[in-house]
Amino acid sequence: MTRSLNGKVAIVTGAGSGIGRACALRLAEDTAKVAIWDINAAGAEETAAMIVAAGGSAIAITADCSDKAAIAAAADQTRAKLGPIAILVNNAGIAPFTPFLNTEDALFDKVIAINLRGPWLMTQQALPDMLAKGWGRVINITSSSVQTGSPMQGHYVSAKGGLMGMTKALALEFAASGVTFNMVPPGFIDTPMMRAAPIDAEAFAKTLPMKRIGQPEDIAAAVAYLASEEASYITGQTISTNGGRYMGSH
Ligand code: NAP
């Protein structure tokens, strides 16, 4: 597979940690210029420094990816420093666990704002650059919890399910434009988010067909493929990267 992205500009949200960081490192390795967006400034700076130390090109931007004005400002900064946006990885997310009947409205709204409305706003901001060039990639990090269900995560699964639907709707709306929309629902991946979940990771891993937890790089590999030239005839699709946890087509 040709891995060169030829200096195309990629934004990865939530790239100061975990899966987003691995995606940013991998896209930079594949010669993208990467804008690391995260609400966590230190994490974003650290990822950008890792890329630069490895000889790649990256900038760190501190932004709340659920805030429309912050997104617009960060997009302007990205364009000014790197150029028009070609690849967008909507990865930033939060995944609380709360019983459905005790979930406050404010928490539901926050989970939807970050995990669903954020990607919606991000895509509205980035897509015009892609349409102008007739080339683009939007890759949404969803969750295997939509495919399997997940107790105590009604808010999160609702938001990620919405993101799955959005991916397909936009894939059709822009199918003839040269911009593809695809999604990667991670299974159980070793990141700070996963380690903070109220789950015994090692015990859970034993229930998985592959008997192991996935690594952020496993998700980054799927993202890199979807971002590549080779994936140009793939849109509205799902690469379930989950060690065999769920084997349905979507
Ligand atoms: P992570 O280690 O917690 O990383 C997420 C990053 O996003 C953090 O740096 C976080 O900052 C940042 N972030 C949170 N809210 C943000 C906002 N409003 N704007 C900008 N950045 C924000 O989580 P991860 O495990 O890598 O998860 C990445 C994505 O994969 C998420 O969408 C998650 O739902 C999805 N996913 C993960 C797994 C898994 O097993 N790990 C499974 C299925 C799906 P703070 O740390 O400061 O909050």
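Counting convention: from 1, in listed order, for ligands and their atoms alike. Just so it is clear, the structure is predicted and the values come from calculations on it, not from any experiment. This chain uses plain numbering: 1 for the first residue, then up along the sequence.
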> Who gets closest to atom 47 (O) of ligand 1 by heavy atom: V111, N40, I36?
Replying inline: N40
> Starting from atom 14 (C) of ligand 1, which protein heavy atom do you reach first, and at what distance in Å?
Replying inline: G93 O, 3.8 Å
> Of the backbone atoms (N, CA, C, O) and the side-chain heavy atoms from C-beta on, which set of D67 has a member under 4.0 Å from an atom of ligand 1: side chain, backbone, both, or neither?
Replying inline: neither
>> Please state which option from T191, I114, T13 has its nearest heavy atom closest to atom 15 (N) of ligand 1.
In response: I114
> Is there side-chain contact between E29 and L25, with heavy atoms separated by less than 4.5 Å?
Replying inline: no
> So, N242 versus S144: side-chain donor-acceptor pair below 3.5 Å or not?
Replying inline: no
>> Can you confirm, on distance only, whether ligand 1 has an N/O atom lying under 3.5 Å from any N/O atom belonging to N115?
In response: no
> If you measure every N/O of I189 against every N/O of ligand 1, is any gap under 3.5 Å?
Replying inline: yes
> At their closest point, which heavy atom of A35 faces which heavy atom of T78, and how far apart are they?
Replying inline: CB-CG2, 3.7 Å
> Does D38 reach ligand 1 with a nitrogen or oxygen that is under 3.5 Å from one of the ligand's nitrogen or oxygen atoms?
Replying inline: yes
> Less than 3.5 Å between some nitrogen or oxygen of D64 and one of ligand 1, yes or no?
Replying inline: yes
> From R212 CZ over to D190 CG, what is the distance, rounded to the nearest 0.5 angstrom?
Replying inline: 11.0 Å
> How far is atom 6 (C) of ligand 1 from its nearest protein heavy atom, and which residue and atom name does that atom have?
Replying inline: G14 O, 3.5 Å
> Does the distance from a Lys or Arg side-chain N to an Asp or Glu carboxylate O, for R21 and E45, drop under 4.0 Å?
Replying inline: no
> In the protein, what heavy atom is nearest to atom 36 (N) of ligand 1, and what distance, to one decimal place, separates them?
Replying inline: Y156 OH, 3.6 Å
> Rounded to the nearest 0.5 Å, how far does CG of D30 lie from NZ of K8?
Replying inline: 11.5 Å
> Relative to the heavy atoms of P192, which atoms of ligand 1 are at a distance of less than 4.0 Å?
Replying inline: 2 (O)
> Hey, what do you get for OG (S57) to CG (L27), rounding to the nearest 0.5 Å?
Replying inline: 12.5 Å
> Can you tell me how far CG of L172 sits from CZ of F181, rounded to the nearest 0.5 angstrom?
Replying inline: 10.5 Å
> Is there a heavy atom of A113 sitting under 4.0 angstrom from any atom of ligand 1?
Replying inline: no
> Is there at least one pair of N or O atoms, one from I19 and one from ligand 1, spaced under 3.5 Å apart?
Replying inline: yes
>> Is there a path of hydrophobic side-chain contacts, each under 4.5 Å between heavy atoms, that joins I87 and V34?
In response: yes
>> Heavy atoms only: which of I199, N91, I141 lies closest to atom 28 (C) of ligand 1?
In response: N91
> Of the listed options (M193, Q153, M122), which comes nearest to atom 3 (O) of ligand 1 when hydrogens are ignored and any heavy atom counts?
Replying inline: M193
> Counting from 1, what ligand 1 atoms have a heavy atom of T142 closer than 4.0 Å?
Replying inline: 35 (C), 44 (C)
>> Counting non-hydrogen protein atoms only, what is the nearest one to atom 45 (P) of ligand 1? Give residue, atom name and distance.
In response: I39 CG2, 4.2 Å
> Counting heavy atoms only, which part of R21 comes closer than 4.0 Å to ligand 1: side chain, backbone, both or neither?
Replying inline: neither
> Any salt bridge between K133 and D129, counting N to O under 4.0 Å?
Replying inline: no
> How far does CD1 of I141 sit from CD1 of I19, to the nearest 0.5 angstrom?
Replying inline: 6.5 Å
> When you measure from atom 38 (C) of ligand 1 to each heavy atom in G187, S143, P119, S66, which option holds the nearest one?
Replying inline: G187
>> According to ring pair (Phe, Tyr, Trp, His ring centres under 6.0 Å), who are the partners of F204, at least two apart in sequence or on a separate chain?
In response: F188
>> I want to know if ligand 1 touches A95 in the polar sense, i.e. an N/O pair below 3.5 angstrom.
In response: no
> For F100, does the CZ atom sit with more than 12 other heavy atoms under 6.0 Å from it, leaving out its own atoms?
Replying inline: no
>> Going by the rule salt bridge (charged side-chain N to carboxylate O under 4.0 Å, His left out), which residues pair with D76 if we only count those two or more places apart in sequence or in a different chain?
In response: R79
> What atoms of ligand 1 come closer than 4.0 angstrom to any heavy atom of C65?
Replying inline: 17 (C), 18 (N), 19 (N), 20 (C)
>> Which of the numbered atoms in ligand 1 are under 4.0 angstrom from any heavy atom belonging to F188?
In response: 40 (O)
> With atoms numbered from 1 as shown, which atoms in ligand 1 lie under 4.0 angstrom from a non-hydrogen atom of A63?
Replying inline: 19 (N), 20 (C)
> Among all protein non-hydrogen atoms, which one is nearest to atom 2 (O) of ligand 1, and what is the separation to 0.1 Å?
Replying inline: S17 OG, 2.7 Å
> Side chain, backbone, both or neither: which part of W37 has a heavy atom under 4.0 Å from ligand 1?
Replying inline: neither
> Under 4.0 Å from ligand 1, counting heavy atoms only, is it the side chain of P186, its backbone, both or neither?
Replying inline: both
>> For the 3.5 Å polar cut-off, considering only N or O atoms, please tell me whether S144 and ligand 1 meet it.
In response: no
>> When you compare the side chain of N115 with that of L163, does any pair of heavy atoms fall below 4.5 Å?
In response: no
> Just wondering, do P96 and L107 contact through their side chains at under 4.5 Å, heavy atoms?
Replying inline: yes
